[in-house]
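Read the structure below first, then the notes.
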Amino acid sequence: AISLVPNFLVFFFGLLISRGATVIIDSSIHAYVGDRVPYEQRGRAAAIVELGWSLAFVIGIPLVGWIMAREGWSSAFLWMGLAGLATGGLTIFFVPEIPPASSSMQQLNTGIKEIFRLIPLMGLLLAMLIVIANQVVSIVFGVWLEQAYNLQLEELGAASSIIGIAGIAGVFTAIGLTDRLGKRRSLFIGLIINSLSCLVLPLFSGHLWSTLAVLFVFYLTFEFNLTSLLPLMSNLSTQARGAFMAATLAMFSLGDSIGALIGPLLFSGGMVRNALAAIVFNFLGLFILQMFVKPVELSQEDSSLLKV
C-alpha cells in the first residue's frame, strides 16, 4: 500500500500495521520453536532465529538504501511487500503444522491465567530490565562519542556499525554456549560481563579504539542475553506460550521506551551516570533471575545452578 500510494497517511498506518504484524510473527516463531524443539536444544534454535534477524538487518538495510537511491523512497516497500508474501507462501507449504497447546477456550483461559503467576510475571520484569539497561546507554552513546572524540556524521555511522557486528557475534556466541552452559547460567554470566563493560566504559574516555572495544563487548553480551532469555521465557508459560512470548516482546518495547526516557535525563556530557544506571538495572535483573525465574521443566544443567 505504501508503494502504491506514497503519502504520509498511508505511510503512517502502513508502518503501524507492519509493526503489529511483526510482533505477531516474532512471538509466533518463538512459541513454535518452544513447542517443537526440546528445552535442552532450544537455545541454539532461538539463536539461529535471531541470527536471521541480525543478517536481515546487516544485508537488508544497505539493500533498501540502494533501492531507494535508484528508484525512490517508496519503491523499497514494494519489494518488502512481495518478499513478505513469498515468505508467507513458503511458511504455508514448508513449515509443519503443530496442534495448539490450548485447543479449547477453557484451556486457553487456563493458559492465560498461568501468565499471571509469580514466575512468568517476574520473567516479564526481567525482560524489561535487561532492555532498559541497554537502552540507557544506547540512546546517548552517539552523542557521547561525538562530544568526546569530535566525530563527524560519517564517522559516527561507521562507529555505529559496531552494533550490528557485535549483535551477530552475540548470536553466534549464544549458538555455541547457551545450551551448553544452561539458559539461566548463560544469562547470569552475560549480565555480569555486560555490567563490567558498563563499569569500565567511562574509564576509557579519550581512547577511541578502547571505547569501541568496550562497546563491542557491551552489545555482544546484550544480544547474547536476549538470545539466552528467549528460550528460558518459552518455558515459563507452556499453556499459552504464544501469548506469553507476545507479552515478552511487549516488555522489550516497554523497556526501550523507559530507557529512551531515562537515558537523556541522566546524560550530562558524560557516560558515568548512564553506565551506573545500566549496572543497577542489570543487577536488579540478576536478583530476579536468581530468586524467581525458573522454567517449568528444569533441565539437569539448570538444576545444578539452582543448587548453587
If you take all heavy atoms of Thr178 and Ser228, which pair is closest and at what distance?
OG1-OG, 2.9 Å

If you link ILVMFWY side chains whenever their heavy atoms are less than 4.5 Å apart, which other residues fall into the same cluster as Ile29? By chain and number, please.
Ile25, Val33, Val37, Val49, Trp53

Spatial distance of atom CD1 (Ile67) from atom OG (Ser75) [nearest 0.5 Å]
6.5 Å

Minimum-distance pair of heavy atoms, taken over all atoms of Met271 and Phe141
CE-CA, 3.8 Å

Going from CD1 on Ile130 to CE on Met251, what distance comes out if it is rounded to the nearest 0.5 angstrom?
11.5 Å

Not counting sequence neighbours, which residues clear salt bridge (Lys or Arg N to Asp or Glu O under 4.0 Å) with Arg42? List them please.
none

Heavy-atom closest pair, residues Gly43 and Pro231:
CA-CG, 3.7 Å

Would a distance-only check, ignoring hydrogens and angles, find a side-chain to backbone donor-acceptor pair under 3.5 Å from Arg241 to Ser234?
yes

With a 4.5 Å limit on heavy-atom distance, are the side chains of Leu232 and Leu289 in contact?
yes

Taking side chain as C-beta onward, heavy atoms only, is Glu97 less than 4.5 Å from Tyr32?
no

Answer with yes or no whether the hydrophobic clustering places Phe287 together with Val280; edges join I, L, V, M, F, W, Y residues whose side-chain heavy atoms lie under 4.5 Å apart.
yes

Can you establish whether the number of heavy atoms outside Trp73 located under 6.0 Å from its atom CH2 is more than 12?
yes

All heavy atoms of Lys183 vs all of Gln41, minimum pair found to be NZ-N, 4.3 Å

Considering all heavy atoms of both residues, which atom of Arg44 and which atom of Asp179 are nearest to each other, and what is their separation?
N-OD2, 2.8 Å

Once you round to the nearest 0.5 Å, how far does CD1 of Ile279 lie from OG of Ser197?
8.0 Å

Are Leu191 and Phe283 packed together at the side-chain level, in the sense that at least one heavy-atom pair is separated by less than 4.5 angstrom?
no

Would the distance check show the side chain of Arg36 and the main-chain N or O of Ile98 forming a donor-acceptor pair, the cut-off being under 3.5 Å?
no

Is Phe216 atom CZ crowded by more than 12 heavy atoms from other residues, nucleotides or ligands, each under 6.0 Å away?
yes

Less than 4.5 Å apart, side chain to side chain, heavy atoms only: is that true for Arg180 and Arg185?
no

Heavy-atom side-chain proximity of Trp79 to Val64 below 4.5 angstrom:
no

State whether the side chain of Asn194 and the backbone N or O of Thr221 hold a donor-acceptor pair below 3.5 Å, judged by distance alone.
no

Ignoring hydrogens and angles, tell me if any N or O in the side chain of Glu114 forms a donor-acceptor pair with the backbone of Thr238 under 3.5 Å.
yes

In Å, rounded to the nearest 0.5 Å, how long is the span from CG of Leu126 to OG1 of Thr248?
10.0 Å

Are the side chains of Val137 and Leu201 in contact, using a 4.5 Å heavy-atom criterion?
yes

For residues 6-24, tabulate all N or O donor-acceptor pairs below 3.5 Å that involve a side-chain atom, not counting sequence neighbours.
{"residue": "Asn7", "atom": "OD1", "partner": "Leu9", "partner atom": "N", "Å": "3.2"}
{"residue": "Asn7", "atom": "OD1", "partner": "Val10", "partner atom": "N", "Å": "2.9"}
{"residue": "Thr22", "atom": "OG1", "partner": "Ser18", "partner atom": "O", "Å": "2.8"}

Would you say that Leu208 contacts Leu212 through its side chain, given a criterion of any heavy-atom pair below 4.5 Å between the two side chains?
yes

For a quick test of reading the model, state the closest non-hydrogen atom pair linking Pro202 to Cys198 and the distance between them.
CD-O, 3.2 Å

Do Phe281 and Ile258 have side chains that get closer than 4.5 Å, going by heavy atoms?
no

